[in-house]
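Only one structure is covered here, and it is reproduced in the block below.
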Amino acid sequence: DYGKRLSMLYPHIFGQPERYLVFSTSVYRAKQSAQACLQGIGNKDDYHWGPQIDQILKINNFFIKEPNNSNNVSCQYAKLMGLNQSGCYEENINLYEKRRDRDTLRSMIERHDMAFPLYNVLLDLIQLCINEKNPKGYLFFAHDSTLAPLLYLMGFIDPMNYKNEDLLPFGARLEILITNDREISFYVNGDLKKKLSLPNL
């Protein structure tokens with residue numbers, strides 16, 4: 001659905017396969033998200049993933065411990081997605097989410113400097129997009145635990161009021177849009193957080 005939305009909103013970018021690039025960590029569910037988004041866009045199926053992308057997008061190794069082909073999912077997730085529940089594991093979701101909130105909060109505060117590699121990549125891409133005559137798009141797929149330190153670094157979330165569920169489920173996203181009139185807008189999960197007018201260079 002997100003891929004379809006992108007193709008409808010920005011056909012001048014996502015209607016032309018050569019105009020956009022897609023990157024994912026090598027974690028299985030991040031790759032699944034990239035593949036599903038590409039299916040929604042509907043005009044190409046190739047994307048970049050692997051160790052070199054992990055170095056940029058696996059900012060927070062604190063949570064990333066799953067094997068590439070993990071079928072070990074929670075029963076709550078299995079029920080929600082209509083999956084076979086024979087191999088799922090039960091968990092107290094409230095206790096689990098509280099622990100994740102605490103771990104993510106600690107991680108944001110202690111490890112937000114690990115977001116600098118992706119932050120610098122985004123700055124470089126913003127500069128590239130400003131200088132480009134033809135519009136281009138870049139899509140990155142990773143964990144919410146990658147996004148949280150980045151949003152903290154950029155000042156878009158208050159760690160003392162943060163809950164992991166604020167970035168879930170299946171839709172945690174940061175969108176950066178640069179328009180022809182040299183405005184740059186930052187959206188978190190679809191909500192406008194900041195808009196800046198870029199000076200003429």
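Residue numbers start at 1 and run along the sequence shown.
In this view, Asp45 satisfies the side-chain contact (heavy atoms from CB on, under 4.5 Å) rule with no residue, not counting sequence neighbours. Every side-chain contact (heavy atoms from CB on, under 4.5 Å) that Ile53 has, sequence neighbours left out, goes to Phe23, His48, Leu57. With sequence neighbours left out, the salt bridge (charged side-chain N to carboxylate O under 4.0 Å, His left out) criterion links Glu175 to Arg5, Arg173. The side-chain contact (heavy atoms from CB on, under 4.5 Å) check on Ile184 picks up Ile126, Ile176, Ile178, Phe186, Leu196, Leu198, with sequence neighbours excluded. Every residue two or more places apart in sequence or in another chain that forms a side-chain contact (heavy atoms from CB on, under 4.5 Å) with Gln16 is listed here: Glu18, Arg19. Annotation: side-chain hydrogen bond (donor to acceptor under 3.5 Å, both in side chains) contacts of Asn43 (sequence neighbours excluded): Tyr20.
Residues Ser7 and Gly40 approach most closely at OG-O, 4.3 Å, considering heavy atoms. When all heavy atoms of Phe141 and Ala30 are compared, the closest pair comes out as CB-O, 3.7 Å. The minimum heavy-atom distance between Tyr187 and Gly190, with the atom names listed, is CD2-O, 3.7 Å. The two residues Gly137 and Phe14 have their closest heavy-atom pair at CA-CZ, 4.5 Å. The minimum heavy-atom distance linking Lys31 with Ser26 is given by the pair CD-O, 3.5 Å.
The number of heavy-atom neighbours closer than 6.0 Å to NZ of Lys44, taken from other residues, nucleotides and ligands shown, is above 12. Under a cut-off of 6.0 angstrom, the local environment of CG in Asp124 is crowded, with over 12 non-hydrogen atoms contributed by other residues, nucleotides or ligands.
Contact annotation: the side chain of Leu177 approaches that of Tyr10 to within less than 4.5 Å [non-hydrogen atoms, C-beta and beyond]. Counting heavy atoms from C-beta on, the side chains of Leu174 and Met154 come closer than 4.5 Å. Cys37 is not listed as a side-chain neighbour of Val22, based on a closest heavy-atom distance of 4.5 Å or more. With contacts defined as side-chain heavy-atom distances shorter than 4.5 Å, the pair Ile41/Leu139 qualifies.
Atoms CD and CD, on Gln55 and Gln52 in that order, are 7.5 Å from each other to the nearest 0.5 Å. Remark: Leu125 CG to Ile130 CD1 distance equals 11.0 Å, nearest 0.5 Å. Interatomic distance, CG of Leu38 versus OG of Ser33, reported as 11.0 Å (0.5 Å rounding). Taken to the nearest 0.5 Å, the CG atom of Leu128 stands 6.5 Å off from the NZ atom of Lys136. For the atom pair Leu6 CG and Asp1 CG, the distance stands at 11.0 Å (nearest 0.5 Å).
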Discussion item. Go through it in stages, so that I can follow the logic: the residues are Val121 and Tyr138, the test is side chain to side chain contact (heavy atoms under 4.5 Å, CB included), and I'd like the CA-CA distance, side-chain angles, deciding distance and then a yes or no.
Written reply: CA-CA 11 Å; Val121 166; Tyr138 301 90; over 6 Å; no
Worksheet item: What's the verdict on side chain to side chain contact (heavy atoms under 4.5 Å, CB included) for Leu122 and Phe140, showing C-alpha distance, side-chain angles and the deciding distance?
Response: CA-CA 10 Å; Leu122 293 179; Phe140 300 90; 4.3 Å; yes
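Side-chain heavy atoms closer than 4.5 Å link hydrophobic residues (I, L, V, M, F, W, Y) into clusters, and following such links, even through other members, never connects Ile13 to Met8.
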